[in-house]
Colleague: 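For reference, the structure I am asking about is given below.
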Amino acid sequence: MHDQPASTPAPDPGRSTPPELFTWEFASDPYPAYAWLREHAPVHRTRLPSGVEAWLVTRYADARQALADQRLSKNPAHHDEPAHAKGKTGIPGERKAELMTHLLNIDPPDHTRLRRLVSKAFTPRRVAEFAPRVQELADGLIDGFAGRGTADLIHEFAFPLPIYAICDLLGVPREDQDDFRDWAGMMIRHGKGPRGGVARSVKKMRGYLAELIHRKRAALPAEPAPGEDLISGLIRASDHGEHLTENEAAAMAFILLFAGFETTVNLIGNGTYALLTHPGQRERLQASLAAGERGLLETGVEELLRYDGPVELATWRFATEPLAIGGQDIAPGDPVLVVLAAADRDPARFPGPDTLDLARRDNQHLGYGHGIHYCLGAPLARLEGQTALATLLTRLPDLRLDADPAELRWRGGLIMRGLRTLPVRFAPR
């Protein structure tokens with residue numbers, strides 16, 4: 001009932017030296033290299049493409065421990081090198097744009113306070129209320145290319161859907177959302193855009209958010225309306241004794257946008273690609289959807305997150321005191337990167353980890369992290385992933401890949417894993 005992986009060879013057990021990391025070949029299929037590291041060097045010190053040295057944690061048990069260990073700080077001030085000031089360990093441009101005080105860069109008690117303020121926007125009830133809008137977006141995007149018979153699912157579907165969704169949630173006016181789409185597009189291009197383009201986009205987004213926060217604050221009604229947008233909610237919280245500064249509000253809106261769109265772009269893109277290259281699993285899911293069932297869709301999205309998830313490495317952590325992970329001593333100030341993609345294919349935790357099984361049970365993957373930094377937007381990402389995949393497979397049942405898998409290119413970058421393009425073909429509708 002399971003589909004075997006299309007391209008993941010077994011690691012060479014006789015190999016004595018670590019495989020080369022962070023090459024283009026590695027980006028296409030990092031899983032054999034991660035299998036070697038899990039087996040031979042589960043906590044491995046390496047020099048990253050930026051020149052920064054960091055520890056890579058690849059086994060599931062060690063990864064779960066590290067994600068919840070409060071001796072590993074999210075605050076870059078704990079790094080023993082001035083690398084963050086050079087833009088090497090965070091989002092390019094975030095320091096200059098005064099966007100550092102967000103959930104990915106802070107620890108308790110500030111983290112606890114800020115997370116409490118924004119968590120109200122991601123309750124199951126609030127996300128459920130947003131479901132019709134996500135469905136409307138998915139259908140509208142498919143309408144745009146359904147008559148053509150071909151599409152690039154990244155640029156025409158997986159990318160715009162979460163951008164427009166998170167803009168709606170934040171309260172960005174519809175007439176400004178295409179600007180956000182342009183800035184976001186520059187931010188995920190990594191090395192393919194103009195030099196400094198990411199930092200410039202971050203600066204533009206920061207300026208826009210400051211102005212929007214100012215406008216919304218001036219027009220804020222005394223009592224919140226049902227379904228009030230998130231930026232208004234952040235402003236309201238800051239005005240009622242919670243002491244959310246304008247910089248904190250802007251940084252929070254920024255990171256919700258940044259963390260809330262690229263992850264979902266890759267969830268939809270990687271997930272669709274996995275289904276197109278595992279026809280048996282895809283047919284099972286289509287049959288389940290045709291029967292009006294949701295169970296396989298729900299477990300299937302969790303399995304796609306585990307099998308080839310959107311976040312390859314968890315964001316930066318820095319040791320605040322001497323500690324050990326997996327028997328390896330870590331010095332204060334050392335950066336630690338938890339490799340979610342490696343942990344989620346650990347055979348010690350997942351039977352047949354290189355097999356895609358949409359019905360997999362006991363699937364406690366780390367795709368959304370673990371501990372106090374567990375992804376705040378996980379309910380929204382699940383909704384968007386389930387809606388996008390179900391709508392694609394239902395409306396375009398003969399969807400097929402329109403390229404040799406070996407010719408597809410994956411975006412460079414340390415944290416995220418996603419395709420640059422996903423060309424598909426189907427009968428025009």
Side-chain angles (χ1 to χ4, degrees), residues 27-28 91-92 104 130 133-135 137-142 144-145 151-170 172 177-193 197-198 201-202 205 254-276 301-302 304-315 340-341 367-369 375-393 399 401 408-424:
S28 296
I91 300 167
L104 296 185
F130 201 53
R133 175 59 180 153
V134 176
Q135 184 65 62
L137 284 168
D139 281 320
L141 291 167
I142 292 174
F145 56 76
D152 174 2
L153 283 186
I154 300 299
H155 292 281
E156 297 182 78
F157 187 69
F159 174 69
L161 191 152
I163 276 288
Y164 293 138
I166 199 72
C167 280
D168 279 353
L169 199 65
L170 286 169
V172 176
Q177 292 186 6
D178 283 337
D179 287 337
F180 262 75
R181 180 176 174 168
D182 292 343
W183 298 330
M186 183 61 69
M187 288 162 68
I188 71 167
R189 249 173 247 163
H190 300 297
K192 288 296 180 181
V198 176
S201 291
V202 169
M205 202 174 281
F254 167 75
I255 202 59
L256 289 172
L257 178 86
F258 187 83
F261 87 88
E262 189 173 3
T263 49
T264 312
V265 174
N266 296 347
L267 167 57
I268 297 169
N270 298 6
T272 303
Y273 175 68
L275 291 173
L276 293 179
V301 166
E302 300 308 305
L304 293 167
L305 281 159
R306 182 203 68 82
Y307 179 77
D308 196 10
V311 183
E312 191 166 339
L313 284 77
T315 50
L340 306 179
Y368 290 125
C375 176
L376 191 65
L380 180 62
R382 285 190 171 103
L383 168 68
E384 292 177 349
Q386 291 174 15
T387 303
L389 293 172
T391 309
L392 271 178
L393 293 179
L399 189 71
L401 197 59
L408 295 177
R409 291 291 171 262
W410 296 78
R411 285 197 298 273
L414 191 63
I415 302 298
M416 302 291 186
R417 172 166 171 77
L419 286 160
R420 291 187 184 280
T421 61
L422 183 57
V424 293

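The residues of the chain are indexed from 1 along the displayed sequence.
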Colleague: Between E156 and A151, which heavy-atom pair has the shortest distance, and what is it?
Modeller: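 Minimum heavy-atom separation between E156 and A151: OE2-CA, 3.4 Å.
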Colleague: Considering only residues two or more places apart or on different chains, which pairs with a residue in residues 157-168 satisfy salt bridge (Lys or Arg N to Asp or Glu O under 4.0 Å)?
Modeller: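 For residues 157-168, and leaving out neighbouring residues, the salt bridge (Lys or Arg N to Asp or Glu O under 4.0 Å) pairs sorted by first residue read R133-D168, D168-R174.
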Colleague: Please check this pair: side chain of D308 against backbone of N270, looking for a donor-acceptor N/O pair closer than 3.5 Å.
Modeller: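 The answer is no, because no donor-acceptor pair under 3.5 Å joins these two groups.
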Colleague: Starting from the C-alpha separation in whole Å, work towards a yes-or-no answer on side chain to side chain contact (heavy atoms under 4.5 Å, CB included) for I154 and R420.
Modeller: CA-CA 7 Å; I154 300 299; R420 291 187 184 280; over 6 Å; no
Colleague: At their closest point, which heavy atom of L419 faces which heavy atom of G269, and how far apart are they?
Modeller: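 Heavy atoms only, the tightest pair is CD1-O, 4.2 Å.
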Colleague: If we only count heavy atoms from C-beta on, is the Q177 to I163 side-chain gap below 4.5 Å?
Modeller: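 A side-chain contact under 4.5 Å is absent here.
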Colleague: Would you please test F145 and D152 for side chain to side chain contact (heavy atoms under 4.5 Å, CB included) and show each step?
Modeller: CA-CA 9 Å; F145 56 76; D152 174 2; over 6 Å; no
Colleague: Minimum heavy-atom separation for N266 to G418, with atom names?
Modeller: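 Shortest heavy-atom contact: OD1-CA, 3.5 Å.
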Colleague: Considering all heavy atoms of both residues, which atom of M205 and which atom of A184 are nearest to each other, and what is their separation?
Modeller: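 The pair with the smallest heavy-atom distance is CE-N, 4.2 Å.
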Colleague: Would you sort out whether L399 and T272 count as a side chain to side chain contact (heavy atoms under 4.5 Å, CB included), showing the intermediate values?
Modeller: CA-CA 10 Å; L399 189 71; T272 303; 4.3 Å; yes
Colleague: Are the side chain of R417 and the backbone N or O of S28 linked by a donor-acceptor pair below 3.5 Å?
Modeller: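 Yes.
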Colleague: Any idea which heavy atoms bring L340 and A314 closest together, and the distance?
Modeller: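 Answer, listing the atom of L340 first, then A314: CG-N, 3.8 Å.
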Colleague: Q135 versus T391: any side-chain heavy-atom pair under 4.5 Å?
Modeller: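 Side chain of Q135 against side chain of T391, heavy atoms only: contact under 4.5 Å found.
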Colleague: If you define the side chain from C-beta out and look only at heavy atoms, does anything of Y368 sit under 4.5 Å from T263?
Modeller: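 They are not in side-chain contact.
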Colleague: When rounded to the nearest 0.5 angstrom, what distance separates CG in L305 from CZ in R382?
Modeller: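 Here the rounded value is 7.5 Å.
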Colleague: Against Y164, only a single residue in V134, L169, L137 fulfils side chain to side chain contact (heavy atoms under 4.5 Å, CB included); can you say which?
Modeller: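 Per the side chain to side chain contact (heavy atoms under 4.5 Å, CB included) rule, the option paired with Y164 is L137, out of V134, L169, L137.
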Colleague: Nearest 0.5 angstrom please: L153 CG to L392 CG, how far?
Modeller: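 These two atoms lie 5.5 Å from each other.
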Colleague: Please report the shortest heavy-atom distance between A388 and I268, naming the atom on each side.
Modeller: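 Residues A388 and I268, closest heavy atoms: CB-CD1, 3.7 Å.
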Colleague: Distance check, rounded to the nearest 0.5 Å: T421 atom OG1 versus R411 atom CZ?
Modeller: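 So the gap between those two atoms works out to 10.0 Å.
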Colleague: Do I166 and T264 have side-chain heavy atoms sitting under 4.5 Å apart?
Modeller: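 Side-chain contact under 4.5 Å: no.
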Colleague: How long is the gap from CD on E384 to CZ on F130, to the nearest 0.5 Å?
Modeller: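 Reported value, rounded in 0.5 Å steps: 7.0 Å.
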Colleague: Apply side-chain contact (heavy atoms from CB on, under 4.5 Å) to L141 and list each qualifying residue two or more places apart in sequence or on a separate chain.
Modeller: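 Counting only residues at least two positions away or on another chain, L141 forms a side-chain contact (heavy atoms from CB on, under 4.5 Å) with F157, P160, L161.
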Colleague: Side-chain contact, heavy-atom cut-off 4.5 Å: V311 with M416?
Modeller: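 Yes, at least one pair of side-chain atoms sits under 4.5 Å.
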Colleague: What residues, two or more places apart in sequence or in another chain, satisfy ring pair (Phe, Tyr, Trp, His ring centres under 6.0 Å) together with F180?
Modeller: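 F180: ring pair (Phe, Tyr, Trp, His ring centres under 6.0 Å) contacts with W183, Y208.
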